[in-house]
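Convention: sequence-line order gives letters A, B, ...; per-chain numbering from 1.
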Protein chains: 2
Amino acid sequence: MNDIHKRPSRRQGKVSKTESGGGQRLPTDVRAAGILAAAREVIDEKGYESVLISDIAKRAGVVDGTIYRYFKNKRDLLEQVAQRWFGEQLAMDSQLNAVKGTRNKLRHLAWRTLAIIRREPVLARFMLMELRHDPRYRSTPFFEMNKRFTQDVIAVCTEAVVSGEFLSDVSPNMLRDMLHGCIEHRTWAFLQGEGDFDIEEVADGIATVIYRGMLAKRELAQGGLYEAVKRIESVAGKLEDLMVGKS
Amino acid sequence: MNDIHKRPSRRQGKVSKTESGGGQRLPTDVRAAGILAAAREVIDEKGYESVLISDIAKRAGVVDGTIYRYFKNKRDLLEQVAQRWFGEQLAMDSQLNAVKGTRNKLRHLAWRTLAIIRREPVLARFMLMELRHDPRYRSTPFFEMNKRFTQDVIAVCTEAVVSGEFLSDVSPNMLRDMLHGCIEHRTWAFLQGEGDFDIEEVADGIATVIYRGMLAKRELAQGGLYEAVKRIESVAGKLEDLMVGKS
DNA sequence: ATAGATAATGAATGATATTCATAAAAGGCC
DNA sequence: GGCCTTTTATGAATATCATTCATTATCTAT
């Protein structure tokens, strides 16, 4: 048991009892899946920030180096974990089509995002606080996934603009950002592990402001409708008085 | 030149030419300021993500270890840099009092945040993407600073609610989150170094939606005013017909 | 000037991610 | 079933940083 099987080195490390290459061999996809599952478990238990490759390797029953045979690097692995995890959440999403009315749709879109955050806070923290910061974020498949998810807001708003229900002076993109930006801001404290939030209240609040803020009808009130009605009501009152007096 | 001045060790490292303790001694506050300035320069040049303690030390003309005499750790140093930097930005802020009208105030509040982001993108990136992620973020002086900054939105909205201009069914806190959340969402791509954004357009869009969405007058339109007017108009038409027929 | 206090030094240490030469297992061929 | 090729797993070695601390140089008060 000398060190001929070790790569050349200047330091003299001690030779381990275990030989190289002696691990159990599994089909590639099974091993990869095992590592992904192990990673997810560890993340879920310890939070993404303190996950070590060695933790994941231990949990998966392999050695650190093996992980690099299946994943480019740590980030790549974590990204794939998040992607699958998020995918599952999207899959269990209720159908937007079933919801009727622009305001209800907006509320639903806010609600479903909040529900995911509440259901999987660790995943949400991971996505919001870590994955996004990758300089390459916008070219990851993960970005596309998320984009498709948030696009629904744009679709609903665009439809409302086309039908004339919404004014067209604020872009649907902006409304999407208001909705999702507000949610993120609002849930930040929760994701840091401090205090809870009320899903219904937040969803309703966001939907309410955006809906009312974009409603075309409302233009009439601003254009003098309010004053007009007051005048008409007063005239009507007098008219009624006249009629009462007549009878 | 033997190694008696080194701490006990098992490895035999080579002894350097420079002796320990031979650096220039400066007043404590001057040195601290120098390190802060150096750190800020390096951050501004390379972005916060790739800043090394050794970079900062080199720039400040000290050795790595010296930094730990003035700052608890790397994060502490970077936090102090951001705090001063952000403080400067707040100081050059225009006065909110000078702006009249709820909607204009909201627009101004959005505008000033966007202006800081545009002016100091590296600082903004640093604040949004890094400092916030500290598990202790909410107990840092930095958090307080930011809170006071965003509080203005709450003040403006609360005032509008009290005066009866705004409805009271959505909390001012939520409106603050919509405003700042939207800004962050909107500027994310910009902060990643991709594409620009139009300050005026974004500020105006946010202010418009929130303002119109909260306007008390508009409630009447939703509460049937619109339909009421339609009815009155139709009645008025018939009345007119009657009168025409009579004459 | 001298002693004591304090600042600055930089090698050592520690924590992790990542690489890679080598051993073991699997698969194909006769 | 033995032999050769290909693939997988290993884990020590390495690289990269942040952080510590024993030691030394400088400063300050007396």
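- You'll find the side chain of A:Leu114 stays beyond 4.5 Å of the side chain of A:Trp111, heavy atoms only.
- Taking side-chain N and O atoms only, A:Arg31 has no distance below 4.0 Å to OP1 or OP2 of D:dT8.
- Remark: P of D:dC17 and CG of B:Leu77 are 17 Å apart, rounded to the nearest angstrom.
- Heavy atoms of other residues, nucleotides or ligands lying less than 6.0 angstrom from CZ of B:Arg84 number 12 at most.
- The closest side-chain donor-acceptor pair between A:Arg125 and A:Gln192 falls under 3.5 angstrom.
- Atom P of nucleotide C:dT9 and atom CZ of B:Arg69 are separated by 11 Å, given to the nearest angstrom.
- In this structure, B:Gln24 atom CD and C:dT9 atom P are separated by 9 Å, rounded to whole Å.
- Close to D:dT20, at under 4.0 Å from its OP1 or OP2, lies no side-chain N or O of B:Tyr68.
- Which of D:dT19, C:dA26, C:dT9 sits closest to the side chain of A:Arg25 comes down to C:dA26.
- As a whole-Å value, the separation of A:Lys74 NZ from D:dT16 P is 18 Å.
- The shortest distance between the side-chain N/O atoms of A:Thr28 and the OP1/OP2 oxygens of D:dT7 is not below 4.0 Å.
- Taking the six-membered ring for Trp and thresholds of 30 and 60 degrees, A:His133 and B:Trp188 have ring planes more than 60 degrees apart, a perpendicular arrangement.
- If you take CG of A:Asp76 and C1' of C:dT18, they are 14 Å apart, rounded to a whole angstrom.
- Between A:Phe149 and A:Phe86, the ring planes lie perpendicular to each other; the angle is over 60°, past the 30° to 60° tilted range.
- Between B:Tyr70 and the phosphate of C:dA7, there is no side-chain N or O to OP1/OP2 separation shorter than 4.0 Å.
- Put simply, CD1 on B:Ile67 is 16 Å from P on C:dA7, counting in whole angstrom units.
- Residues A:Arg31 and A:Arg69 fail the side-chain proximity criterion, which asks for heavy atoms closer than 4.5 Å.
- As rounded to whole Å, 15 Å separates atom C1' of C:dG14 from atom CG of B:Asn73.
- Here B:Lys147 contributes atom NZ and B:Arg138 contributes atom CZ; the two are 8.0 Å apart, rounded to the nearest 0.5 Å.
- Near DNA chain C, defined here as any heavy-atom distance below 4.0 Å, the residues from residues 44-65 of chain B are B:Val62, B:Val63, B:Gly65, listed numerically.
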